[in-house]
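Heads up: the structure comes next, in structure tokens.
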Amino acid sequence: MNRRQMTGELVRTWAESILQQVAAPPDATLTVTARPGTGDISPPEPGTGSPESALESSLEQIWNEEGGALRPNDADDVTAAAGPTDIVATLTFADGSAVSVELAAGTRETDAVVLLADRFQDAVLEETGGTPRPPCPGHGHPAVAAEVAGVPRWTCPHGMGRTTRRILPDVG
């Protein structure tokens with residue numbers, strides 16, 4: 001597989017394709033931003049402000065292993081240990097709820113696509129009341145995102161790897 005530099009534009013293209021496949025509500029909004037200093041600060045969409053303001057306005061919570069919020073000093077330690085995040089794709093629904101997927105520099109394309117598909121599919125399923133998208137052929141549940149033989153694919157969770165189709169035609 002050719003290794004491309006992950007850019008905000010590339011992640012937006014992937015996310016938009018995935019959102020069509022999982023039947024995201026038409027009033028949902030996708031925002032893709034890059035952290036300052038990564039060399040890929042995509043121009044903001046009209047009316048959204050600069051990437052810095054989008055990042056400043058986003059709400060991030062860090063949870064400890066028991067599910068409780070970490071104290072601010074602990075949260076700083078966890079964030080620093082996790083390393084810098086280069087690109088953030090956020091899906092915001094009409095009710096104000098949102099899910100963000102953070103992709104660090106050096107993330108493999110396959111891993112990035114599987115993570116985007118998994119997180120956005122879960123968020124859309126919750127928002128729409130569990131409509132199975134994309135459908136799993138012959139079953140009442142949705143297909144799930146997974147890496148199969150190095151390729152990001154939608155696959156049946158009960159027969160992992162047997163019934164699959166590519167999430168994106170040009171990745172993997």
Side-chain angles (χ1 to χ4, degrees), residues 1-35 38 40 42 45 48 54 58-63 65 67 82-172:
M1 171 177 82
N2 270 346
R3 188 162 171 93
R4 295 179 278 194
Q5 179 179 355
M6 191 167 42
T7 64
E9 182 179 323
L10 185 59
V11 170
R12 175 177 292 284
T13 300
W14 293 342
E16 287 173 347
S17 176
I18 290 165
L19 291 172
Q20 286 179 332
Q21 294 175 58
V22 299
D27 55 0
T29 304
L30 174 66
T31 306
V32 177
T33 56
R35 302 261 186 203
T38 64
D40 176 41
S42 303
E45 291 187 20
T48 62
S58 69
L59 176 63
E60 295 179 11
Q61 290 186 312
I62 301 173
W63 294 91
E65 292 177 11
T85 299
D86 286 346
I87 299 173
V88 180
T90 302
L91 180 62
T92 306
F93 297 101
D95 65 3
S97 63
V99 61
S100 291
V101 179
E102 299 180 0
L103 302 170
T107 301
R108 292 179 336 143
E109 284 187 10
T110 299
D111 294 337
V113 170
V114 169
L115 184 61
L116 283 166
D118 179 63
R119 298 275 172 82
F120 285 167
Q121 180 188 43
D122 283 349
V124 169
L125 282 170
E126 188 172 317
E127 183 71 17
T128 61
T131 304
R133 296 280 185 251
C136 185
H139 301 119
H141 57 256
V144 296
E147 180 179 338
V148 177
V151 178
R153 295 179 133 344
W154 292 115
T155 187
C156 177
H158 301 295
M160 195 61 89
R162 288 186 292 185
T163 304
T164 70
R165 67 181 177 281
R166 285 180 175 263
I167 294 173
L168 300 173
D170 63 342
V171 178

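- Counting heavy atoms from C-beta on, the side chains of Val124 and Arg133 never come closer than 4.5 Å.
- Minimum interatomic distance between Leu116 and Ile18 (heavy atoms only, all atoms of both residues): CB-CD1, 3.8 Å.
- Looking at heavy atoms from C-beta onward, Trp14 lies out of side-chain contact with Val32 at the 4.5 angstrom threshold.
- Between Met6 and Thr107 there is a side-chain heavy-atom pair separated by less than 4.5 Å.
- Counting heavy atoms from C-beta on, the side chains of His141 and Cys156 come closer than 4.5 Å.
- Proximity of Gln21 to Leu168: side-chain heavy atoms (C-beta onward) are separated by under 4.5 Å at one or more points.
- Across Pro132 and Pro142, no two heavy atoms sit closer than the pair CB-N, 3.6 Å.
- Sorted by first then second residue, the side chain to side chain donor-acceptor pair (under 3.5 Å) pairs that include residues 113-126, not counting sequence neighbours, number zero.
- Partner of Ser100 under the side-chain hydrogen bond (donor to acceptor under 3.5 Å, both in side chains) criterion, out of Thr33, Thr92, Thr90: Thr90 alone.
- Between atom CD of residue Glu102 and atom CD1 of residue Ile87 there is a gap of 12.0 Å, rounded to the nearest 0.5 Å.
- Counting all heavy atoms, side chain and backbone alike, Ala15 lies closest to Leu30 at CB-CD2, 3.7 Å.
- Shown here are the salt bridge (charged side-chain N to carboxylate O under 4.0 Å, His left out) partners of Glu147, two or more places apart in sequence or in another chain: Arg108.
- Rounded to the nearest 0.5 angstrom, Gln5 CD and Asp86 CG are separated by 9.0 Å.
- You'll find the side chain of Thr155 reaches within 4.5 Å of the side chain of Val144, heavy atoms only.
- Between Ala123 and Val99, the closest heavy-atom pair is CB-CG1, 3.5 Å.
- Closest of all the heavy-atom pairs between Ala28 and Phe93 is CB-CD2, 4.0 Å.
- The nearest pair of heavy atoms linking Arg166 to Val151 is NH1-CG1, 3.5 Å.
- In this structure, Thr13 has no side chain to side chain contact (heavy atoms under 4.5 Å, CB included) partners at least two apart in sequence or on a different chain.
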